[in-house]
Amino acid sequence: MSDTTHGPDRKERNAWFEADARLKRRHLADKRLRAYGIAAIVFALGMLATLVGTILITAAPAVTQTMVTFEVEVPEGSVDPANPSGGSYQTMLNASIARIFPDVDTPRELRELRQLFSNGGQYQLRDKILADPSLIGKTVSISFPMSDIGDQLHKGVIDRNLPPDFRRVNDTQIAWYDVLVERGQISSPLNWGLLFNADSRFPELAGLRGALVGSFFALLVCFLVSFPVGIAAAVYLEEFAPKNRLTDLIEVNINNLAAVPSIVFGLLGLAVFLNFFGMPRSAPIVGGLVLSLMTLPTIIIATRAALKAVPPSIREAAIGVGASKMQTVGHHVLPLAMPGILTGTIIGLAQALGETAPLLLIGMNAFITAAPDSMFNPSTALPTQIYIWADSPERGFTSRTSAAIIVLLGFLVCMNAIAIYMRKRFERRW
Amino acid sequence: MSAGHEAKISAAGVSVFYGEKQALFDVSIDIPARQVMAFIGPSGCGKSTFLRCINRMNDTIDICRVTGTIAIDGADIYDPKIDPVLLRARVGMVFQKPNPFPKSIYDNIAYGPRIHGVAKAGSQMDEIVETSLRRAGLWNEVKDRLREPGTGLSGGQQQRLCIARAIAVNPDVILMDEPCSALDPIATAKVEELIDELRERYTIVIVTHSMQQAARVSQKAAFFHLGNLIEVDDTERMFTNPRDQRTQDYITGRFG
């Protein structure tokens with residue numbers, strides 16, 4: 001009886017808090033939705049991990065380069081001190097190789113022996129003598145890369161337990177290699193050549209220098225063209241242009257331009273820059289111009305968004321104290337929008353750095369063995385270099401392709417990190 | 001019109017159109033010098049629109065069109081020979097929401113004099129900054145942190161900073177568009193006190209939604225309704241004895 005005097009009875013009161021079936025279903029749906037979301041993220045992260053993991057595993061052999069060290073005698077009189085580059089260094093190198101393997105004398109065996117070593121050895125010897133002519137008449141120790149098959153044999157990529165017909169080195173070559181290992185002439189230091197050598201047909205000598213310099217020049221041109229033009233266009237459209245059909249049409253077209261497939265820009269570059277203006281083929285300047293066509297819409301859209309995000313009260317304040325339109329934009333709106341503009345620009349440039357298709361069409365996938373001196377010299381770029389290497393049959397290029405992809409990804413991550421940092425650093429302060 | 005005060009601003013037949021829509025109908029009014037004139041009326045009645053005609057802020061809106069004449073000291077400000085940039089230096093404006101530049105307190109004040117070439121950087125500019133801040137009653141609060149950002153001040157201080165910024169270019173007229181609507185009562189009281197002091201030097205036009213504020217700070221009041229100017233009178237008389245029924249209804253809270 002006392003329950004009734006203190007309000008609704010116990011059962012009735014508890015009913016307030018009991019979840020009925022409908023509410024339970026709602027909570028269940030809530031949980032399900034969250035589970036879907038988590039599953040999607042796990043799936044995406046898994047894919048990313050697989051991708052990066054595969055690249056890392058494939059690239060691992062390219063981290064080191066197998067080198068062989070030889071003591072080479074440079075006899076007095078074999079090199080003309082007045083003209084040291086004319087010496088026959090391959091002969092000297094061959095002589096010192098023959099000294100270790102005296103019983104190799106048939107031409108066929110000699111050829112097979114030399115197949116183990118890169119042909120870069122003689123140039124290294126020459127460079128050493130050129131740098132220090134006093135070495136003539138002495139014994140010089142040089143360390144140079146083993147050839148692709150020697151490298152792969154050392155790294156275990158070529159399985160020596162396979163029958164001879166199934167591997168690219170024969171039993172005698174393996175025996176010679178073992179002798180060299182026993183004599184301590186084989187070493188595997190870090191593969192700096194990958195970053196500092198120019199391209200080569202031989203994987204053991206091939207490096208990314210040409211591609212890095214080419215990409216740098218192309219991005220420089222891209223930035224110099226698209227940044228000022230993009231900002232000028234965006235400021236005019238956002239702040240000064242009258243709102244009418246023509247500006248609407250321009251706006252729609254800029255947005256569409258951002259979605260045009262990049263290969264179309266490549267065709268445009270081929271037709272306009274190469275064929276009409278006759279600019280040099282394969283040159284970073286043309287690559288940069290084509291990339292800037294692609295980057296422009298990105299920068300214009302990012303700049304307009306950044307300008308729009310500046311509160312109108314700031315414009316009113318400036319106009320209210322008598323600033324002209326130009327002063328309002330130049331002194332207040334543009335500086336406040338700058339972090340957003342720079343973020344958009346960096347993201348646009350990162351996009352341009354990874355772009356391959358337009359560069360293929362203007363010939364930046366040529367085989368070029370020297371890094372460009374200027375933006376007018378033929379060159380490759382990072383993504384096209386990856387494309388070339390991925391297409392090469394030598395076993396050593398497999399790991400180098402992956403290593404080059406890591407270099408490219410590294411640059412992209414750095415650029416995006418800078419963009420994020422700037423966005424955080426200069427976040428809206430009004 | 002009470003005697004002894006010449007008209008500083010006189011508007012005749014001012015109409016404002018936003019595209020096809022007419023926002024203000026044939027407004028004629030004389031605003032006396034060195035007094036505070038309050039514009040009151042319900043939302044959307046055109047009082048802010050008219051205020052923004054006085055320094056041609058409406059020019060920045062593409063579709064806005066103004067007809068009629070507004071003269072300051074007898075000179076038509078819509079004359080093609082008048083540069084709106086110079087006009088806005090003579091007719092300062094304070095906005096509804098405090099909007100200091102995201103720069104230092106010093107630079108906020110110095111920006112106007114700098115772009116108008118009134119003073120060069122240095123002691124001359126320091127003097128202008130100090131005078132402006134003193135007149136805005138802010139000097140003692142900020143004199144030790146002139147290099148700190150103006151956006152770091154409290155709302156009321158920011159609004160007084162904006163008033164100081166308007167004063168710095170040495171205007172004749174100061175327009176205030178609901179300057180206290182974003183402030184708390186204490187900050188409002190300070191700004192109102194300041195408006196009362198500024199009346200000695202400047203002609204002030206203030207738009208306000210608060211009847212009490214209009215009664216406290218203004219000597220003259222103008223009541224707008226649906227784009228029409230209904231009544232202009234001494235504030236005291238309008239609040240005690242309005243001539244028009246609509247004014248009476250608005251003041252007593254029947255609509256608005």
Side-chain angles (χ1 to χ4, degrees), chain A residues 233-252 303-343 422-430, chain B residues 19 51-52 54-63 83-104 107-118 132 149-152 158-159 161-171 174-177 182:
Chain A
V235 165
Y236 178 75
L237 285 174
E238 196 58 42
E239 304 285 337
F240 295 96
K243 301 273 169 284
N244 57 27
R245 275 209 170 168
L246 183 66
T247 47
D248 281 350
L249 191 73
I250 291 173
E251 181 164 357
V252 167
T303 305
R304 294 190 67 176
L307 291 173
K308 270 202 191 98
V310 175
S313 64
I314 296 290
R315 290 164 225 261
E316 284 191 330
I319 291 172
V321 294
S324 67
K325 184 88 200 180
M326 200 65 222
Q327 286 170 326
T328 306
V329 173
H331 294 166
H332 300 284
V333 178
L334 204 53
L336 288 172
M338 216 20 118
I341 296 173
L342 289 178
T343 307
M422 299 222 309
R423 193 159 48 207
K424 290 268 170 244
R425 175 80 177 68
F426 299 104
E427 225 153 29
R428 23 191 300 147
R429 295 162 301 180
W430 44 81
Chain B
L51 187 77
R52 294 164 69 95
I54 301 174
N55 70 343
R56 291 182 62 174
M57 275 306 263
N58 286 333
D59 286 15
T60 57
I61 302 166
D62 280 340
I63 55 166
D83 187 342
V85 164
L86 291 178
L87 170 70
R88 290 182 198 127
R90 280 191 63 197
V91 184
M93 189 156 191
V94 177
F95 297 85
Q96 189 170 354
K97 219 182 118 227
N99 57 354
F101 299 126
K103 296 171 184 280
S104 72
D107 285 338
N108 261 284
I109 310 289
Y111 181 70
R114 197 178 293 147
I115 57 170
H116 292 296
V118 175
S132 307
T151 42
Q158 285 190 19
Q159 194 61 299
L161 178 65
C162 292
I163 293 173
R165 181 177 65 191
I167 291 172
V169 285
N170 202 19
I174 301 176
L175 308 176
M176 297 187 175
D177 191 356

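Chain letters run A, B, ... following the sequence lines, proteins first and then strands; every chain starts at 1. Quick caveat, the model's predicted, so the values are computed rather than measured.
Annotation for B:Met57 and A:Glu316: closest pair CE-O, 3.7 Å, computed over non-hydrogen atoms. The heavy-atom pair separating B:Arg165 from A:Ala317 by the smallest distance is NH2-CB, 3.4 Å. The two residues A:His332 and B:Tyr111 make their nearest non-hydrogen contact at NE2-CZ, 3.0 Å. Between A:Ile314 and B:Phe101, the closest heavy-atom pair is O-CE2, 4.0 Å.
Other residues, nucleotides and ligands contribute only 12 or fewer heavy atoms inside 6.0 Å of the NZ atom of B:Lys97.
Heavy atoms closer than 4.5 Å to chain A are found nowhere in B:Arg114, neither backbone nor side chain.
Note: A:Asn244 CG to B:Asp62 CG = 9.5 Å, rounded to the nearest 0.5 Å. The structure places OG of A:Ser324 at 7.0 Å from CD1 of B:Ile115, a figure rounded to the nearest 0.5 Å. To the nearest 0.5 angstrom, B:Lys103 atom NZ is 7.5 Å from A:Leu336 atom CG.
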- Item | Verdict with supporting geometry, A:Arg315 and B:Thr60, side chain to side chain contact (heavy atoms under 4.5 Å, CB included) | CA-CA 10 Å; A:Arg315 290 164 225 261; B:Thr60 57; over 6 Å; no
